[in-house]
There are 2 protein chains.
Amino acid sequence: MQSLSVPDIIVGRLPLYLRALSHMISEGQEITSSQDLGERLGISSAQIRKDLSQFGEFGKQGTGYNISFLIDQLRKILHVDRIWDVVLVGAGDLGRAVANYRGFLERGFRIIGVYDNDPKKVGQPIGDFVIEEPSRMMEKIRQDRIEIAMLAVPSAAAQEAAENLVEAGVRAILCYAPTSLKVPKDVRVQYIDPVLHLQRMTYYVP
Amino acid sequence: MQSLSVPDIIVGRLPLYLRALSHMISEGQEITSSQDLGERLGISSAQIRKDLSQFGEFGKQGTGYNISFLIDQLRKILHVDRIWDVVLVGAGDLGRAVANYRGFLERGFRIIGVYDNDPKKVGQPIGDFVIEEPSRMMEKIRQDRIEIAMLAVPSAAAQEAAENLVEAGVRAILCYAPTSLKVPKDVRVQYIDPVLHLQRMTYYVP
DNA sequence: TAGATTGTTAATCGATTAACAATC
DNA sequence: TAGATTGTTAATCGATTAACAATC
């Protein structure tokens, strides 16, 4: 798809474009331009054209972009023209919120199991799932070749959980714990820590 | 504190430094170096020194940084050498997880109220709070001069909620809804959308 | 056609890294 | 002192923007 390697900062913007385009479609819009899209996102039109040009020519001069077509292309590029099965580790309040969130499926991700190492939680229901134990998780990841995990355990338990996930074959982890994981370099990790965002804002709100 | 304006990309790394330093302290470590800190975070030592030098001279040649001292300085720089009161809007599963999360307080943020516009939810308990209605939220923000809000409502309700918050005086919003908010330019917004992170990773996990 | 917008090139801007004198 | 590490400068690297020919 790409000739050489595309900068990660560009890859990181594509999901944002995809989200905005999907929103446009849901409002009945069929065509957009780099300027229109850029205004919604607070990004320059030049940057959007440059980003997309890394992957092909998706627009028409004078007209702009057909939104459905561009959505299809972005889905292919990002490999979300399929549904990814993911495991969820951690069945606390956050795990419950993640398990119940309907927004994953429509954007390419299906939770197929929820796991926790607390024996008191194992067997309990959580959303549409029943909490299972870690050994079952390892089995499941191996048998179904699961490659993506969401980690919603306390910080103290995150590293060990990540190691288990990697050992079983997971190659991408979305980590909700406020800690830095050590993983092999062929394993991708993305972090969500709301406090980092808050502290970034308080700098400007004195 | 800063002579001219500090690049936002640097501001964004300071909370990460602060988090790592706090972790070191909790493990009994008292001194660190730019190299030590950088290795934990996957950042070059030069970058860490350069970032910190924007705000002052915090280290000693030959020795490194006193962790407690550096933590204090970073807290001052980021304005988290105090506790910020914040309101939480949205009392669904995610709102509950946020309301129950103990990690905010120790890092500078105290939730002081939870609000939802669903009359069936108003009056119900959520964590240590009782869900209140939006009109009470407006009052509270005005009376207590609340400047920060966390927004955990569905996408469709996010823009209207944000407008109410801004009208009442909020100047920074942490938005959990997968949508772009339109706010006046003196209002800061940070976004959390787990799917963006997942889609960024699937690009590399084909 | 006239107007609009793309894809791309070159110019600008900003961020990162390397290197080292200063000094603890 | 000798070794280590800072803060800072200059060099490098990469990302963004401006501009425009191509063309729908």
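Reminder, nothing fancy here: chain letters follow the sequence lines and each chain counts from 1.
- For CZ of Arg82(B), the number of neighbouring non-hydrogen atoms (other residues, nucleotides, ligands) closer than 6.0 Å is greater than 12.
- For the pair Ile31(A) CD1 and dG3(C) P, the computed distance is 21 Å after rounding to whole Å.
- At the phosphate of dA4(C), neither OP1 nor OP2 sits under 4.0 Å from any side-chain N or O atom of Tyr65(A).
- No hydrogens or angles considered: nothing links the side chains of Tyr176(A) and Asp193(A) as a donor-acceptor pair under 3.5 Å.
- For the side-chain contact (heavy atoms from CB on, under 4.5 Å) test with Asp116(B), the passing option among Lys121(B), Glu133(B), Glu132(B) is Lys121(B); the others fail.
- Counting to the nearest Å, the P atom of dT17(C) and the CG atom of Asp51(B) are 10 Å from each other.
- Across all strands shown, dG14(D) forms a Watson-Crick or G-U wobble pair with dC13(C), both key distances being under 3.5 Å.
- Within the 4.0 angstrom heavy-atom criterion, no nucleotide atom of any strand lies near Ser45(A).
- Along DNA chain D, the nucleotide closest to Ser53(B) and the one closest to Ser44(A) are compared, and the more 5′ of them pairs with Ser53(B).
- To the nearest angstrom, P of dT9(C) lies 12 Å from CD of Gln54(A).
- Distance CD (Glu57(B)) to P (dT9(D)): 11 Å, rounded to an integer number of Å.
- His79(A) places no side-chain N or O within 3.5 Å of a backbone atom of Pro206(B) that could act as its donor or acceptor partner.
- Partner assigned to dT23(D) is dA4(C), using Watson-Crick or G-U wobble distances below 3.5 angstrom.
- Residues Gln47(B) and Gly62(A) each lie close to DNA chain C; by heavy-atom proximity, the contact nearer the 5' end of the strand is made by Gly62(A).
- The nearest whole Å value for the distance from the CD1 atom in Ile48(A) to the C1' atom in dT16(D) is 13 Å.
- Side-chain atoms of Asn117(A) and Glu160(A) include no donor-acceptor pair closer than 3.5 Å.
- The residue among Thr63(A) and Arg49(A) whose nearest nucleotide of DNA chain D is located toward the 5' end is Arg49(A).
- Distance, Asp8(A) CG to dT16(D) P: 12 Å, rounded to whole Å.
- Distance Lys50(A) NZ to dA15(D) P: 9 Å, rounded to the nearest Å.
- Distance NZ (Lys60(B)) to C1' (dT8(D)): 19 Å, rounded to an integer number of Å.
- Here the nucleotide nearest the side chain of Ser33(B), chosen from dT16(C), dT5(D), dT17(D), is dT5(D).
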